2 protein chains.
Amino acid sequence: MSEDVNKLVDKLMHELRRGTITIGVLSQLSEPQYGYSLVTMLNEKGVQVEPGTLYPLLRRLEKQGLLSSKWDTNESRPRKYYYLNHLGRMVYDELCVEWRKIVSSLDFIIEEDRGN
Amino acid sequence: MSEDVNKLVDKLMHELRRGTITIGVLSQLSEPQYGYSLVTMLNEKGVQVEPGTLYPLLRRLEKQGLLSSKWDTNESRPRKYYYLNHLGRMVYDELCVEWRKIVSSLDFIIEEDRGN
DNA sequence: TGACAATAGTGTATGTCATACAGTATATTA
DNA sequence: TAATATACTGTATGACATACACTATTGTCA
């Protein structure tokens, strides 16, 4: 497989992953977390997310009302902690339901294709 | 839940679905299909895709070398059929592997969150 | 038969957000 | 002390879905 095709595959995989970043991030915020900790946690769990992506996402979700945040300056260094608020929990739950539907649909059609 | 929140949820769900359109489309092209037939097939199987999305996607995938196409003018009306070629089949298989990894990771972290 | 609707495909503008990278600030390490 | 790591903010670009407009052909119905 050539270099160009590898790039194409990478690109397609990135697009495949794209929509899952939000739900992945929301899933870790039942307890307050700060940005770099989230990057590490998620990477360890198989959800790759770049800091340049995560921070705007956190700010966006906070702006949309799903997350709340607080600065903690009592530790060795200042960190901004984000966590799901009430609305965020509700929306996250709905996204999880939707995710299961999507997975179910895709699993069905991919397995169907396997049979061919 | 207010109107604005419903819109936000809709938007997030759209983003969640976004990356799955390509793999959904590729899954149906082991046999040649034409655009509007694909829209119907996929909708029936739970993968919503708009014609305005599908046609550019089909053209893009063809340009990238994954799909081949042929006009069939022998039927009642002219239709353009697309189908996976050899490279497309290979790439599709890789995407399926990646999809399973993503699903596995997300299932793990969502179930982990359930336990909280 | 002609007008309109449905089918089928193409194209443009806009919206959304990830990525890439630059930059700032603070704490830690060499 | 200077360099590096940690932590966060901001800008430009890339990718592609959505919304909608438009063209072309065939089917339906008055």
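A note on names: the letters A, B, ... follow the listed sequences, proteins ahead of strands, and every chain is numbered from 1. Values in this document were obtained by computation on a predicted structure and should not be read as measured data. Heavy-atom basis, side chains included; hydrogens, waters and symmetry copies ignored.
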Can you tell me the distance, in whole Å, between the [atom1] atom of [X] and the [atom2] atom of [N]?
X       : N      : atom1 : atom2 : value
A:Tyr36 : C:dA27 : OH    : P     : 16 Å
B:Met13 : D:dA17 : CE    : C1'   : 18 Å
B:Tyr55 : D:dC22 : OH    : P     : 19 Å
B:Glu75 : C:dA8  : CD    : C1'   : 12 Å
B:Ile23 : D:dA17 : CD1   : C1'   : 17 Å
B:Leu38 : C:dG9  : CG    : C1'   : 13 Å
B:Tyr34 : C:dA8  : OH    : C1'   : 8 Å
B:Gln33 : C:dG9  : CD    : C1'   : 16 Å

| Letter per nucleotide, 5' to 3', of nucleotides 13-22 of chain C [B base touched, S only sugar-phosphate touched, - untouched; heavy atoms, 4.0 Å] | --BBBSB-B-
| task | May I ask you to test the B:Leu58-B:Leu29 pair for a side-chain heavy-atom distance under 4.5 Å? | result |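 Result yes, sub-4.5 Å side-chain heavy-atom pair found.
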| query | B:Trp99 versus A:Leu16: any side-chain heavy-atom pair under 4.5 Å? | reply |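 Yes - at least one pair of side-chain heavy atoms lies under 4.5 Å apart.
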| request: Name all residues meeting the ring-ring contact (aromatic ring centres under 6.0 Å, His included) criterion together with B:Tyr92; count only those two or more places apart in sequence or in a different chain, and write none if there are none. | output: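 Testing B:Tyr92 for ring-ring contact (aromatic ring centres under 6.0 Å, His included), a comparison that skips the adjacent residues, returns none.
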| task | Quick one: list whatever passes ring-ring contact (aromatic ring centres under 6.0 Å, His included) with B:Phe108, sequence neighbours left out. | result |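 Partners of B:Phe108 by the ring-ring contact (aromatic ring centres under 6.0 Å, His included) criterion come out as none, since no residue qualifies.
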| message | Nearest 0.5 Å, please: how far is CD1 in B:Ile102 from CD in A:Gln48? | response |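 Here the rounded value is 10.5 Å.
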| request: Determine, using ring centers only, whether B:Tyr55 and B:Tyr36 are less than 6.0 Å apart. | output: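 They qualify: ring centres under 6.0 Å apart.
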| request: Could you please name the option among C:dT26, C:dT28, D:dT9 that lies closest to any side-chain atom of A:Tyr82? | output: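 Among the listed nucleotides, the one closest to the side chain of A:Tyr82 is D:dT9.
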| What nucleotide among C:dA8, D:dT9, D:dT6 has an atom nearest to a side-chain atom of A:Arg77? |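 From the listed options, D:dT6 comes nearest.
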